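Structure record follows, encoded as structure tokens.
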Amino acid sequence: MIPYGRHYIDEADVAAVVAVLRHGALTQGPRIAEFEEAVARYVGAKYAVAVSSGTAALHLACLAANVGLGDNVITSPNTFVATANCALYVGAKPQFADIDAETLNLDPQCLAAKCKELKKIRAIIPVHFAGLPCDMPSIRAIADRHGSVVIEDAAHALGARYPDGTRVGNCAYSHMTAFSFHPVKAIAAGEGGMITTNDEKLYRRLLRLRSHGINKGTDPLIRQEDAYEQGEVKRWYHEMQEIGFNYRITDIQSALALSQLQKLEKFIERRLKLALAYDDAFAGLSKAHPTQITGRRFSAHHLYVLQIDFDSLGLSRAKFMSALREEGIGTQVHYIPVVSHPYYRSLGHKPDSFPVAQKYYRQALSIPLYYALTDSEQAHVIASIRRLVQ
Ligand SMILES: Cc1ncc(COP(=O)(O)O)c(C=O)c1O
């Protein structure tokens, strides 16, 4: 079976994990800081905080930015539910603006209109869908006009570049960026996430929030009279200063992710090559169209999405997917618009208010794209899809 996405593990990854198991601290050892420093250096941000998942990264980013009760948080409907859920976790109101039909990312014009309608917007969470960076200069300009915090959801976009050539995660256009290291993502940690930022205050707060809200004396302590003995903070002393979580990542996960990071450029290069080959193979078809082709130079290519006109093909998407499955090919749909999920409908969101996202969703199909996909496997995918759509 050829899946739509798959991680790639080599002997160096296995050795890195085994080394921790044999010699290391399983958690809270040196690998975590090494992983944070390596990602911060790679993306060009001052600070990075590793956490247990991409979802935890988004949740903590909202908390650190003081997003709270009743605040409006605008994001894209074309994303995994975790992006919007993080607003709900902090008592805020998730709001949505439609996507652009070509980039499949937040459409700055729709975002500006939504901001005008809502007036007060605490945070905007653009999602770099499938690894293609959003139009961040436009989004940041809109956010600044409304005094909103910008948190990039870069779960798909480790290694992607903005049009100015710098890497997603450097926070040149945002206050914080969240990454995911779930196995189908650019690099795998098993589960894992990271927040990058250039703001020291946010960084220090994120560190505390990921570990129960506890300050061990690295930040100013509140009960000085309890904390100090002969001018030094007592070795065992710590204060829980606000409510936090256990969102820590382990050394085992960080060792794996660090080893994976060595291969990231190779992974991205191969994904680009495969995406360009798909673009060529599907060019000129009347009932299937590649997406995001103008962004190839910038994308991290987490996914390769085809838009297929199932209605005019006279074949439902479910039947199309089953036919490919019989050929040993796995596919997936990214995403059911967040606003279409029963929970979000129950909050009053209406899928029809996002016609571009709806139209995109009806025709979307993610086909296999991952580092280890061989040329001959890709040729089989191409031939099978071309046969079905012609
Ligand atoms: C766009 C997006 N945001 C956030 C997440 C959450 O990441 P994680 O699975 O690491 O919690 C995902 C994961 O699929 C995602 O695709």
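Every number for a ligand or one of its atoms is a count from 1 in the order of the listing. All values reported here derive from a predicted model rather than from experimental measurement.
- Taken together through direct or relayed side-chain contacts under 4.5 Å among Ile, Leu, Val, Met, Phe, Trp and Tyr, Ile32 and Leu261 form part of one hydrophobic cluster.
- Classified by interplanar angle (parallel below 30°, tilted 30° to 60°, perpendicular above 60°), the ring pair Tyr247/His59 is perpendicular.
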- [ ] Take Asp219 and Arg204 through the test salt bridge (charged side-chain N to carboxylate O under 4.0 Å, His left out) and record every step on the way to the result.
- [x] CA-CA 8 Å; Asp219 294 309; Arg204 306 204 75 80; 2.5 Å; yes
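- Listed by first and then second residue, the salt bridge (charged side-chain N to carboxylate O under 4.0 Å, His left out) pairs that reach into residues 89-113 come to none, sequence neighbours excluded.
- Looking at Glu239 and Asn215, their side chains never bring a donor and an acceptor atom within 3.5 Å of each other.
- For the pair Arg167 and Tyr162, the cation-pi criterion (under 6.0 Å, within 45° of the ring axis) is not fulfilled.
- The protein residues lying under 4.0 angstrom from ligand 1, judged by non-hydrogen atoms, are Ser53, Gly54, Thr55, Leu58, Thr79, Phe80, Ala82, Thr83, Val127, Asp153, Ala155, His156, Ser180, Lys185, Gly192, Tyr335.
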